[in-house]
Amino acid sequence: MKAAGAPQKLRFTVQSCSGEDSDYTVRELLYHSPQTRGWQSPRFCKYPQEIVIRLERPSKIQQIQILTHEFKIPTKVEIYVGLALAAADADPAANGSSMRRLGYLSFDSNERSNHQARELKSVHVTVDAQLIRLVIHRCHVNKHNIYNQVGIIALNLIGELLPLSPEGPAPFLEVEAAVGRELPYYNKAAAEAADLQLDMHVDGVTAARIKKLVRAKEAAVAAEDYDEAKRLKCSIERLKVVGGKIAQLEARKRLAVEREDYDLAKALKADIEKLRLAGEAAAVSISPAGQQQGGAAAAAAGGARGNSRDPDEIFNRVLGKSRSAGIGIAAPAEASGSADAAYSDPEAAQLAQQQQQQQQLYTGGNDAGAYGR
């Protein structure tokens, strides 16, 4: 059995943009990480705004993901696609006549979250294209958006590269070619590894580890070693949830460094290392038969007893129950100067609460409800 073309992140560049805020340029869309700042339109700009994206090579796009700002929110984003024309490559406007409209995505005003969460819209399509044109309409009006701007934090395109045009004469039918007996299947794991949420919610070290395990799982499936594939699948799931917790701690560590609270930053760094070791141990400690496999990572993390895939339980086991409140609502300080006392800082607690709300309120728009024509 083989995958019917592995979905992957499609590399792109920005070919043109109608305008940008000098502090939030369109080049920010070329980077995916929890620290991504994203693109924002100029202050008091005219609508609609437009961004033209050019893929590295013609591709079959299977999924489009757009993550908007928490309060600089467009009411609607129209999507146009097309293949690059040799005569019009240098002039994006010349390609307008050759691009066709796929539809539009509508975005919520975000009043329910008090503008503390970001909305992620994902739409599944099947279209061959190299150029993607986003037409971004006026913003939702709210008291925070005093300059009437719109912002896109991240843009992600998932699909498959189209084969390059063969040189020379067209090939003929191979009469004696062997007939393949393997049925192709959709590689869901590869699509999940390319998903924007992995880059935005999981720390970089864990995300790289997950992608490596995804490739190993693909190799196990190709070799029909389904026990190993199952074990790797469990490891990937555990690393995803633990990586989300690590990303939250890293955000708090950056805040501590900005405020020059180096004692807290040091404590958070130690906790991140412990949690990463515990997550790695939990990921590798399950055998296909459900038995534990002790290893160096498990020993370094103090063991991964329980093998729970719940990141809060892993966090409590490694860092202690009193510190687990640092992820969500801060616990009362017990001793001045201790890590627990530092964790009860009100600003850090507020940041942690906002991040938790963002993870809970990220929404994936479905094709029928969020995508119109």
Side-chain angles (χ1 to χ4, degrees), residues 5 7-20 25-32 38-42 45-69 73-107 119-139 149-165 191 194-196 364-373:
Q8 59 182 283
K9 276 181 178 290
L10 299 176
R11 288 164 51 90
F12 63 83
T13 187
V14 178
Q15 181 154 315
S16 67
C17 177
S18 59
E20 60 186 14
T25 66
V26 75
R27 285 187 58 85
E28 286 287 328
L29 296 179
L30 303 180
Y31 307 99
H32 289 171
W39 164 86
Q40 292 183 15
S41 64
C45 64
K46 294 182 179 181
Y47 291 103
Q49 294 284 300
E50 292 191 6
I51 299 175
V52 178
I53 300 298
R54 183 187 181 97
L55 297 177
E56 186 176 26
R57 52 182 278 192
S59 306
K60 176 179 289 185
I61 301 175
Q62 298 172 339
Q63 189 175 2
I64 300 173
Q65 296 181 304
I66 300 178
L67 177 64
T68 57
H69 194 271
I73 309 166
T75 54
K76 182 172 70 173
V77 175
E78 293 183 84
I79 302 175
Y80 294 79
V81 296
L83 294 170
L85 303 176
D89 282 347
D91 183 10
N95 275 320
S97 60
S98 64
M99 301 185 76
R100 68 184 181 92
R101 183 175 182 271
L102 284 183
Y104 66 89
L105 293 172
S106 297
F107 291 88
E119 185 176 9
L120 172 64
K121 280 289 177 68
S122 298
V123 59
H124 292 268
V125 298
T126 302
V127 60
D128 295 346
Q130 188 172 10
L131 294 175
I132 299 92
R133 177 166 154 247
L134 304 179
V135 180
I136 305 159
H137 290 262
R138 63 181 178 83
C139 63
Q149 294 173 277
V150 292
I152 294 179
I153 300 298
L155 171 68
N156 190 38
L157 302 169
I158 300 174
E160 304 171 13
L161 300 177
L162 293 177
L164 298 175
S165 300
D195 194 279
L196 182 61
N366 56 44
D367 295 351
Y371 191 60
R373 294 186 181 278

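Note that these values count all heavy atoms, side chains included, but never hydrogens, waters or copies made by symmetry.
- Taking Ala154 as the reference, His32, Leu67, Leu196, Met200 meet the side-chain contact (heavy atoms from CB on, under 4.5 Å) condition, with sequence neighbours excluded.
- Side-chain contact between Leu155 and Leu134 is present, with at least one heavy-atom pair separated by less than 4.5 Å.
- Looking at heavy atoms from C-beta onward, Ile66 lies in side-chain contact with Phe107 at the 4.5 angstrom threshold.
- In this structure, Leu29 CG and Ile153 CD1 are separated by 9.0 Å, a value rounded to the nearest 0.5 Å.
- The distance from the CD atom of Gln62 to the CG atom of Leu157 is 11.5 Å, given to the nearest 0.5 Å.
- By the side-chain contact (heavy atoms from CB on, under 4.5 Å) test, Leu162 is found to be paired with Pro58, Lys60, Asp128, residues two or more places apart in sequence or in another chain being considered.
- Gln130 approaches Leu83 most closely through the heavy-atom pair N-CD2, 3.8 Å.
- Closest heavy-atom contact between Gly19 and Pro42: C-CD, 3.6 Å.
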query: Between Thr13 and Ile53, does a side chain to side chain contact (heavy atoms under 4.5 Å, CB included) hold up when you go through it step by step?
result: CA-CA 6 Å; Thr13 187; Ile53 300 298; over 6 Å; no
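- Within a 6.0 Å radius of CZ in Arg27, no more than 12 heavy atoms belonging to other residues, nucleotides or ligands are found.
- For the pair Pro74/His137, no side-chain contact is recorded, criterion being any heavy-atom separation below 4.5 Å from C-beta on.
- Heavy-atom minimum distance, Phe12 versus Leu55: CB-CD2, 3.8 Å.
- The shortest distance between side-chain heavy atoms of Ile51 and Ile132 does not fall below 4.5 Å.
- Here Glu20 pairs with nothing under the salt bridge (Lys or Arg N to Asp or Glu O under 4.0 Å) rule; sequence neighbours left out.
- In plain terms, the two heavy atoms of Ile158 and Gln65 that are nearest each other are CD1-OE1, 4.0 Å.
- Screening Lys121, Glu78, Glu119 for a side chain to side chain contact (heavy atoms under 4.5 Å, CB included) with Leu105, the sole residue that qualifies is Lys121.
- For Tyr47, the side-chain contact (heavy atoms from CB on, under 4.5 Å) test picks out Ser41, Cys45, Gln49, Arg138, Cys139, Val150, with sequence neighbours left out.
- To the nearest 0.5 Å, atom CD1 of residue Ile64 and atom NE2 of residue His124 are 11.0 Å apart.
- Under the side-chain hydrogen bond (donor to acceptor under 3.5 Å, both in side chains) criterion, Gln149 pairs with Asp21, Lys72, sequence neighbours left out.
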query: Passes side chain to side chain contact (heavy atoms under 4.5 Å, CB included), Arg100 versus Val81? Steps please.
result: CA-CA 6 Å; Arg100 68 184 181 92; Val81 296; 4.2 Å; yes
- request: With side chain to side chain contact (heavy atoms under 4.5 Å, CB included) as the test, would you mind laying out the steps for Gln8 and Leu161 before giving the verdict?
  value: CA-CA 9 Å; Gln8 59 182 283; Leu161 300 177; 4.2 Å; yes
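- One N or O on the side chain of Ser59 and one on the backbone of Arg57 form a donor-acceptor pair closer than 3.5 Å.
- Taking the side-chain contact (heavy atoms from CB on, under 4.5 Å) definition, one finds that Arg11 meets it with Glu56, sequence neighbours left out.
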